Visitor: 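Before I ask anything, here is the structure I am working with.
In what follows, every chain begins at residue 1, and chains take the letters A, B, ... in the order their sequences are listed. Worth knowing before you read on, the calculation uses all heavy atoms, side chains too, and leaves out hydrogens, waters and symmetry mates. A quick note: this is a predicted structure, and the numbers were derived from the prediction, not measured.
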There are 2 protein chains.
Amino acid sequence: MPQRSRRTARLSGDERQEAILLTAETLLASRSLDEISIEDLASGAGISRPGFYFYFSSKDDVLLALLDRVIGEVQQRVVTLPRDFDADPEAAWRRVIGVFVEVFAAHRAVSAAAIGARLRNAEVEALWSGAMQTWVGYATDVIVAERARGAAPAGTDARALAIALNLLNERVLFAAFNGETPAVAPSQALDVLTGIWVRSIYS
Amino acid sequence: MPQRSRRTARLSGDERQEAILLTAETLLASRSLDEISIEDLASGAGISRPGFYFYFSSKDDVLLALLDRVIGEVQQRVVTLPRDFDADPEAAWRRVIGVFVEVFAAHRAVSAAAIGARLRNAEVEALWSGAMQTWVGYATDVIVAERARGAAPAGTDARALAIALNLLNERVLFAAFNGETPAVAPSQALDVLTGIWVRSIYS
DNA sequence: CACCCGAATCAACAGGGTGTCGAAGAATTC
DNA sequence: GAATTCTTCGACACCCTGTTGATTCGGGTG
């Protein structure tokens, strides 16, 4: 996934690329991706519009790079989490969901743009979809394990349940952090989500 | 909400407007809204591009009219549903959720376009958001009533729970009917959703 | 230290979509 | 059949995207 679009690896080049990414994330805080022109990104990074194309092949390519980082951050934080579901299942699930809440909150602009771009851009769709599959796989494994040790009852197909709950997180957090109406208050989100996950899985 | 954009109410005019709406829903089945040009809609309805602007002020305006109908259909079907939650709560919830499943399935193209357009168009956002608030209000009332009669335990704030569950439906059905990966299979969707709603509300 | 070569940049162009005129055409009314 | 109103379209101005060929810049090399 790395080395997107750059032709060479020179010093000032990397800085320029970084400047474009920074500009993009900054501008995304106040406008949607298609309200941002490539001219905006280029001038924000101190280059001309054609210069932009030296570093990225399109606006969506910039978003892809930003999304890559956000997903990487979630991935990295999730794997280092303790997995003691037998001790206190609710607390364990809350920790996992908490990672999503925090990362989505920190990068709400990028997540919002990605969720919008996914509908029209196959690459964004593929990247997000891959990440979702990883998380769904993780959740499915835990649900299956909890059922195996008798803590959770068999019922709905574990994978289907895991998919639905992951989609729940995505949608609820997006709505909460982007000020939609209706939405769960950001401060309530973790409690509400954890509640639904735990009750759906264990009863 | 009616009488969007039309200046007069003449006969052939209504037919033309209808032709545009029909063309739009047809084309939306195979491409996203911004892959459809106004030229496409106009020629599909047998008029020239400037002629389009006589009936609608933009592509989003067309979508707004289509979405209005879909929401009206849900509304109409939900109010005529039996409300016997005390007899068999699970069956009652399943009926309500079933309406959403059916209407989303029948108009998947419009729903998909609306969900995409909501992010950039304030009017679409307002229309959808108003409908969501109605449905959330309905769900909240039922949850409160179920708690009052002792069928459901107090717990998560009823409104926050209702919001999260409605967002769950929206996201899961969208993913299912638009062939996302990962997604719950369309045939499983009603079971999975009903399961999550019932367990979240009653345990 | 002059030269060269490739990295980096930009002015200018082509293409495509949107929204808006004012004028031309069709229908209705008197 | 003239006047009025409704309806349509050709042509224009504008904005954004993506590309290309010429130009500038700076460090390694003899």
Side-chain angles (χ1 to χ4, degrees), chain A residues 3-24 27-28 30-66 113 116-117 119-124, chain B residues 3-24 27-28 30-66 113 116-117 119-124:
Chain A
Q3 285 306 26
R4 230 180 264 298
S5 302
R6 279 293 313 290
R7 276 181 216 147
T8 65
R10 226 192 182 183
L11 189 69
S12 74
D14 280 357
E15 289 166 356
R16 281 281 149 87
Q17 188 168 32
E18 202 53 43
I20 293 173
L21 291 172
L22 187 65
T23 304
L27 292 182
L28 276 175
S30 52
R31 320 180 228 164
S32 80
L33 188 60
D34 47 32
E35 289 167 339
I36 298 171
S37 72
I38 287 178
E39 173 69 41
D40 293 335
L41 296 178
S43 68
I47 55 179
S48 72
R49 199 172 59 80
F52 169 90
Y53 290 96
F54 184 78
Y55 297 101
F56 295 96
S57 64
S58 68
K59 264 191 296 190
D60 286 351
D61 203 27
V62 176
L63 180 59
L64 218 45
L66 288 172
L119 300 165
R120 59 160 206 281
N121 183 300
E123 282 183 285
V124 174
Chain B
Q3 285 305 27
R4 232 179 262 299
S5 301
R6 278 294 311 293
R7 278 182 213 147
T8 65
R10 227 188 180 185
L11 187 70
S12 75
D14 279 358
E15 287 166 355
R16 281 280 148 87
Q17 188 169 31
E18 203 53 44
I20 294 174
L21 290 172
L22 186 65
T23 304
L27 293 182
L28 276 175
S30 53
R31 322 180 225 164
S32 80
L33 188 60
D34 45 34
E35 287 167 341
I36 299 172
S37 72
I38 287 179
E39 173 69 39
D40 294 334
L41 296 179
S43 68
I47 54 178
S48 72
R49 198 171 60 79
F52 169 91
Y53 289 98
F54 184 79
Y55 298 101
F56 295 96
S57 64
S58 68
K59 263 191 297 191
D60 286 350
D61 204 27
V62 175
L63 179 59
L64 220 44
L66 288 173
L119 300 164
R120 58 159 207 282
N121 182 301
E123 283 183 284
V124 174

Visitor: Apply side chain to side chain contact (heavy atoms under 4.5 Å, CB included) to A:Leu27 and A:Glu35, showing your working.
Guide: CA-CA 10 Å; A:Leu27 292 182; A:Glu35 289 167 339; over 6 Å; no
Visitor: May I have the distance from B:Ile47 (atom CD1) to D:dG10 (atom P), rounded to whole angstrom?
Guide: 12 Å
Visitor: Has A:Arg49 got a side-chain N or O lying under 4.0 Å from the OP1 or OP2 atom of C:dA12?
Guide: no
Visitor: Rounding to an integer number of Å, can you tell me how far A:Asp40 CG sits from D:dT17 C1'?
Guide: 13 Å
Visitor: Heavy atoms only, 4.0 Å cut-off, all strands: where does B:Ser37 land among base, sugar-phosphate and nothing?
Guide: sugar-phosphate
Visitor: Do B:Lys59 and B:Leu63 have side chains that approach each other closer than 4.5 Å (heavy atoms only, starting at C-beta)?
Guide: no
Visitor: From C-beta outward on B:Pro50, which listed nucleotide comes closest to its side chain: D:dG10, D:dT19, C:dG19?
Guide: D:dG10
Visitor: Using the rule side-chain contact (heavy atoms from CB on, under 4.5 Å), only one of B:Ile38, B:Leu64, B:Ile20 pairs with B:Phe56; which is it?
Guide: B:Ile20
Visitor: Which is it for A:Asp60 and A:Arg120 under the side chain to side chain contact (heavy atoms under 4.5 Å, CB included) test, yes or no, and what are the steps along the way?
Guide: CA-CA 10 Å; A:Asp60 286 351; A:Arg120 59 160 206 281; 2.7 Å; yes
Visitor: From CZ of B:Phe56 over to P of C:dT18, roughly how many Å is that when rounded to an integer?
Guide: 15 Å
Visitor: To the nearest 10 degrees, what angle separates the axes at the start and end of the helix from C:dC1-D:dG30 to C:dC30-D:dG1, five pairs each?
Guide: 10°
Visitor: Kindly say if A:Tyr55 contacts the phosphate of C:dT9, meaning a side-chain N or O under 4.0 Å from OP1 or OP2.
Guide: yes
Visitor: Find the distance A:Phe54:CZ to D:dT24:C1' and express it as a whole number of Å.
Guide: 14 Å
Visitor: A:Arg16 has an atom CZ; how far is it from atom C1' of C:dC10, in whole Å?
Guide: 13 Å
Visitor: Let me know the distance between NZ of B:Lys59 and C1' of C:dG17, rounded to the nearest Å.
Guide: 8 Å
Visitor: Once you round it to whole Å, what is the distance between C1' of C:dT18 and CG of A:Asp34?
Guide: 14 Å
Visitor: Quick one: A:Leu33 CG to D:dC16 P, roughly how many Å, whole number?
Guide: 14 Å
Visitor: Pair A:Tyr55, A:Val62 - check side chain to side chain contact (heavy atoms under 4.5 Å, CB included), show working.
Guide: CA-CA 9 Å; A:Tyr55 297 101; A:Val62 176; over 6 Å; no
